[in-house]
Amino acid sequence: MSSPSRWWYGVVPFPIVVLTALLSRFAVHRFIKLSASGSGESDSVAAIASFFLSSFADLVGLFVALFVLVCLVLDVRALRRDSTWSPSWAWGLTGVVHLVGTMFTTLLVVSVPALSVYLYRRRGQVGLR
C-alpha cells in the first residue's frame with residue numbers, strides 16, 4: 001500500500017465556485033440596473049464597483065475551479081496507484097465540467113453533485129487518508 005493521498009483536500013472547496021457564481025450574477029444585475037438608471041455620480045461609482053466585484057468573483061471562481069481540477073486529477077492518479085480503490089479517469093471530466101461551469105453556471109448543476117459523489121465514494125472506499 002502506498003502513502004496516503006492528501007490531494008482530496010484540494011477538491012473539498014468546490015462549493016466556493018457556486019458562491020462566486022452567485023455573487024457575480026448579483027453584481028452583474030446590480031451593474032445593469034445602476035447603469036440604466038443614469039441618475040447620478042453615486043450610481044456611477046456603485047455601477048463601477050459592481051462591475052469590479054463581478055470580475056473579481058469570476059476570477060476567484062475560475063482559480064478555485066482550476067485548483068479543484070488539478071487536485072482531483074492528482075488524487076485520482078494517486079489512488080489508481082493504490083490497490084484499495086482505483087477510480088476512473090472519467091472523474092477528471094467532472095473537474096473540467098466544473099471549470100467550464102465558472103462561465104456557464106448551468107453546468108454547476110451537473111458538476112457539484114458529481115464532485116459530492118466523488119468525495120462520498122472516496123471516503124467510503126479509502127477513508128480520510
Side-chain angles (χ1 to χ4, degrees):
M1 184 179 287
S2 64
S3 64
S5 169
R6 301 279 187 217
W7 289 110
W8 69 274
Y9 290 129
V11 180
V12 172
F14 72 88
I16 292 173
V17 175
V18 176
L19 297 176
T20 59
L22 291 173
L23 180 62
S24 176
R25 180 168 284 199
F26 169 76
V28 165
H29 287 296
R30 183 87 175 136
F31 172 75
I32 291 170
K33 181 181 174 187
L34 291 171
S35 297
S37 72
S39 60
E41 186 177 315
S42 63
D43 283 347
S44 298
V45 171
I48 291 169
S50 295
F51 173 77
F52 283 117
L53 178 63
S54 172
S55 299
F56 179 73
D58 284 339
L59 194 60
V60 168
L62 184 66
F63 282 128
V64 169
L66 185 61
F67 180 72
V68 167
L69 171 62
V70 168
C71 289
L72 178 66
V73 168
L74 290 173
D75 190 47
V76 167
R77 183 176 145 221
L79 289 174
R80 287 182 66 83
R81 291 181 187 166
D82 194 3
S83 62
T84 307
W85 182 46
S86 183
S88 170
W89 283 110
W91 285 109
L93 292 175
T94 303
V96 171
V97 170
H98 198 63
L99 180 63
V100 175
T102 60
M103 292 299 126
F104 302 103
T105 55
T106 54
L107 292 176
L108 294 176
V109 173
V110 175
S111 67
V112 169
L115 288 169
S116 299
V117 167
Y118 173 78
L119 289 174
Y120 179 78
R121 289 192 64 201
R122 187 194 189 287
R123 182 172 179 255
Q125 296 289 331
V126 181
L128 297 176
R129 61 177 189 91

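We use all heavy atoms of the structure for the numbers below, so side chains are in, but hydrogens, waters and symmetry mates are not. Computed from a predicted structure; not experimentally measured.
Here the closest heavy-atom approach between residue Thr20 and residue Ala57 is recorded as CB-O, 3.3 Å. Pairing each heavy atom of Arg80 with each of Ser86, the nearest pair is NH1-OG, 3.5 Å. For Ala46 against Leu34, the heavy-atom pair with the smallest separation is CB-CD1, 3.4 Å. Between Leu108 and Ala21, the closest heavy-atom pair is CD1-CB, 4.1 Å. The two atoms that bring Thr102 and Thr105 nearest to each other are O-CG2, 4.5 Å, heavy atoms only. Closest of all the heavy-atom pairs between Ser24 and Ser54 is OG-OG, 3.1 Å.
The structure places CG of Leu53 at 9.5 Å from CG of Asp58, a figure rounded to the nearest 0.5 Å. The distance from the CG atom of Leu93 to the CG atom of Leu69 is 9.5 Å, given to the nearest 0.5 Å. Between the CD atom of Gln125 and the OH atom of Tyr120 there is a distance of 10.5 Å, given to the nearest 0.5 Å. Atom CE of Met103 and atom CG of Leu62 lie 5.5 Å apart (nearest 0.5 Å).
Linking Ile, Leu, Val, Met, Phe, Trp and Tyr residues whenever their side-chain heavy atoms come within less than 4.5 Å leaves Leu59 and Leu19 in two separate clusters. Hydrophobic clustering of Ile, Leu, Val, Met, Phe, Trp and Tyr side chains at less than 4.5 Å, counting indirect connections, keeps Phe56 apart from Val28. There is a path of hydrophobic side-chain contacts, each under 4.5 Å, that joins Leu72 to Val96. Under a hydrophobic clustering in which Ile, Leu, Val, Met, Phe, Trp and Tyr are joined whenever their side-chain heavy atoms come within less than 4.5 Å, directly or via other members, Leu22 and Val64 fall into the same cluster. Trp85 and Trp8 fall within a single hydrophobic cluster, where Ile, Leu, Val, Met, Phe, Trp and Tyr are joined by side-chain heavy atoms under 4.5 Å apart, directly or via other members.
The side-chain contact (heavy atoms from CB on, under 4.5 Å) with Arg122 is formed by just one residue from the set Val76, Val11, Asp75; it is Asp75.
Note on ring orientation: taking the six-membered ring where Trp is involved, the planes of Phe51 and Phe31 are tilted (angle from 30° to 60°).
By the neighbour-count criterion of 12 heavy atoms within 6.0 Å, atom CZ of Phe104 is sparsely surrounded, having that number or fewer from other residues, nucleotides or ligands.
At a threshold of 4.5 Å between non-hydrogen side-chain atoms, the residues Val17 and Val112 do not count as touching.
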